[in-house]
J.: 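My questions all concern the structure below.
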Amino acid sequence: MNLAKFPRVRLAHLATPLELMPRLSEHLGGPEIWIKRDDCTGLSTGGNKTRKLEFLMAEAQAQGADMVMTQGATQSNHARQTAAAAAKLGMDCHILLEDRTGYNFDNYKYSGNVLLDHLHGATMEHRGPDLDMNAEMEAVADKFRAEGRNVYTIPGGGSNATGALGYVNCAFEMLNQFVTMGLNVDHIVHATGSAGTQAGLITGLKAMNANIPLLGIGVRAPKPKQEENVFSLAVKTAEKLGCPGVVAREDVVANTDYVGPGYGMPGEDTLEAIDIFAKTEAILLDPVYSAKGGAGLIDLIRKGHFKKGERIVFLHTGGAIGLTGYTHCFDVPK
Ligand SMILES: *Cc1c(COP(=O)(O)O)cnc(C)c1O
């Protein structure tokens, strides 16, 4: 298994910091909580998609693409990081945005990630909910191809075996930090959506025989479906890496109790997580992903699932720029 054999363009500021959160740990009164700062990957306000795009955009370049396409929800962090990567590499970018929430707030529709998509020069079109968005994207890509464009399409969230290599890389990076810093870590926790982050991490952890349990906190799908999505992508990622079979079905664990009202819609516990992280550690969580992960972390500590004497690493997957698309959720005094 040799990650260096895959084409890669450098887009992220790596290694991202691994930091103790002393005030959050004290506030919750349970385990020692550390944070892996993948919100600080650097590209256009950062986030987890940048690691995946290092491998995806290299593949696009190798295929001679002059245009990339992807799809996501209106406030997609993935779409924004793809638009930024394309701008940096001199490629055109076209995005399909799916209205999954029905929100009609101007900030939701035009601020946050959407504003950045526009600033990076991406063109956008919109779709209603409940369509097969990857199929919609391929249909549009074929129209561009008929006009002579060389289009590289990236699935939602950048989650295929190529993109997941970015999180195999993150697993190696974290294990190296644990050794260097002398940290014996009991659990790694993060938000899981399109599955590439968890699939890459579990493949990297198992390939290194690390034996650290990984918990994905779901943001959309029910548990059986989420775990199946992660597992099937981990199987493909392990094959691509040259270590087929390293991930067993039981290595893939998701908790989907913190989805709340639905994808992209924060619950009370989501907003509480944003509040606690912001006030104890000055860490900004986003309402769609990282704050649902944070809500799960907080609740599982309160319930005693994660205990005093243990050491947890919370992987911050980014997305805070999305807060400006969700001002309707916060009561700023007038
Ligand atoms: C996309 C995203 C996730 C989920 O990662 P997946 O690889 O899609 O499972 C988590 N947090 C943020 C901020 C994201 O943008």
Side-chain angles (χ1 to χ4, degrees), residues 12 16 35-41 43-53 55-56 70-84 98 100 112-113 116-117 133-134 154-171 188-204 214-221 225-234 237 252-256 258-259 263-264 266 270 273-274 277 283-297 314-323 325-326:
T16 58
I35 187 164
K36 173 67 172 165
R37 300 293 305 270
D38 271 16
D39 56 324
C40 299
T41 53
L43 182 71
S44 183
T45 75
N48 64 338
K49 303 312 181 305
T50 300
R51 287 188 190 267
K52 302 180 186 182
L53 287 162
F55 291 92
L56 291 162
T70 198
Q71 55 90 4
T74 306
Q75 282 293 337
S76 168
N77 300 301
H78 164 66
R80 178 254 308 163
Q81 287 162 85
T82 303
E98 177 188 8
R100 287 187 204 161
N113 285 294
L116 270 54
D117 295 340
M133 285 294 286
N134 282 331
I154 299 175
S159 286
N160 56 20
T162 302
L165 293 177
Y167 271 86
V168 172
N169 191 34
C170 180
I188 302 171
V189 179
H190 68 98
T192 180
S194 67
T197 300
Q198 189 169 4
L201 285 174
I202 196 64
T203 305
L214 178 70
L215 176 64
I217 308 284
V219 301
R220 189 178 194 186
K225 181 155 194 292
Q226 186 63 26
E227 290 184 347
E228 201 41 59
N229 289 348
V230 173
F231 179 61
S232 71
L233 182 52
T237 306
V252 175
V253 184
N255 180 327
T256 58
Y258 306 95
V259 175
Y263 175 88
T270 321
I274 291 174
F277 273 70
I283 296 284
L284 297 173
L285 299 181
D286 82 291
V288 181
Y289 294 96
S290 55
K292 290 191 178 173
L297 175 74
F314 178 71
L315 170 68
H316 191 334
T317 41
I321 193 68
L323 284 168
Y326 279 81

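We count ligands from 1, going down the list as the structure has it; atoms in each ligand are counted the same way.
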J.: Side chains of Gln198 and Leu233, heavy atoms from C-beta outward: is any pair under 4.5 Å?
T.: no

J.: For Lys52 and ligand 1, does the shortest N/O to N/O distance drop below 3.5 Å?
T.: yes

J.: Tell me whether Lys52 contacts the main-chain N or O of Gly157 through its side chain, where contact means a donor paired with an acceptor under 3.5 Å.
T.: yes

J.: Under 3.5 Å, side chain of Thr192 to main-chain N/O of Gly218, donor-acceptor pair present?
T.: no

J.: Under 3.5 Å, is there a donor-acceptor pair between the His190 and Thr197 side chains?
T.: no

J.: Could you see which bit of Val219 sits under 4.0 Å from ligand 1, with heavy atoms only: side chain, backbone, both or neither?
T.: neither

J.: Who's the nearest protein heavy-atom neighbour of atom 11 (N) of ligand 1, and how far?
T.: Thr317 OG1, 2.6 Å

J.: Quick one: does Ser290 get an N or O within less than 3.5 Å of an N or O on ligand 1?
T.: no

J.: Between Cys170 and Lys36, is there a side-chain heavy-atom distance shorter than 4.5 Å?
T.: yes

J.: Any N or O of Gln198 that comes nearer than 3.5 Å to an N or O of ligand 1?
T.: no

J.: Work out whether the distance between some heavy atom of Ala195 and some atom of ligand 1 is less than 4.0 Å.
T.: yes

J.: Under a 4.0 Å heavy-atom limit, does Asp286 contact ligand 1 with its side chain, its backbone, both, or neither?
T.: side chain

J.: What is the closest protein heavy atom to atom 1 (C) of ligand 1, and at what distance does it sit?
T.: Lys49 NZ, 1.5 Å

J.: Does ligand 1 have an atom that lies less than 4.0 angstrom from a heavy atom of Gly196?
T.: yes

J.: Look only at the side chain of Thr50 and the backbone of Ala12, and say whether a donor-acceptor pair between them is shorter than 3.5 Å.
T.: no

J.: In terms of residue, atom name and distance, what is the protein heavy atom nearest to atom 5 (O) of ligand 1?
T.: Asn48 ND2, 3.0 Å

J.: Examine Gly319 against ligand 1 and note whether any of their N/O atoms are separated by less than 3.5 Å.
T.: no

J.: Looking at atom 13 (C) of ligand 1, what's its closest protein heavy atom, distance included?
T.: Gly318 O, 2.9 Å

J.: Does any non-hydrogen side-chain atom of Thr74 lie less than 4.5 Å from one of Arg100?
T.: no

J.: What orientation do Phe314 and Phe277 show, parallel under 30°, tilted 30 to 60°, or perpendicular over 60°?
T.: tilted

J.: Enumerate the atoms of ligand 1 whose separation from the nearest heavy atom of Thr192 is less than 4.0 angstrom.
T.: 9 (O)

J.: Against heavy atoms of Asn77, which atoms of ligand 1 measure under 4.0 Å?
T.: 13 (C), 14 (C), 15 (O)

J.: Do Ser159 side-chain atoms and Gly196 backbone N/O form a donor-acceptor pair below 3.5 Å?
T.: yes

J.: How far is atom 8 (O) of ligand 1 from its nearest protein heavy atom, and which residue and atom name does that atom have?
T.: Ser194 OG, 2.5 Å

J.: Are the side chain of Arg80 and the backbone N or O of Gly46 linked by a donor-acceptor pair below 3.5 Å?
T.: yes

J.: Is there a side-chain contact between His316 and Leu285, using heavy atoms and a 4.5 Å cut-off?
T.: yes

J.: Answer yes or no: does an N/O atom from Thr197 fall short of 3.5 Å to an N/O atom of ligand 1?
T.: yes

J.: How close does the nearest protein non-hydrogen atom get to atom 9 (O) of ligand 1, and which residue and atom is it?
T.: Gly193 N, 2.7 Å

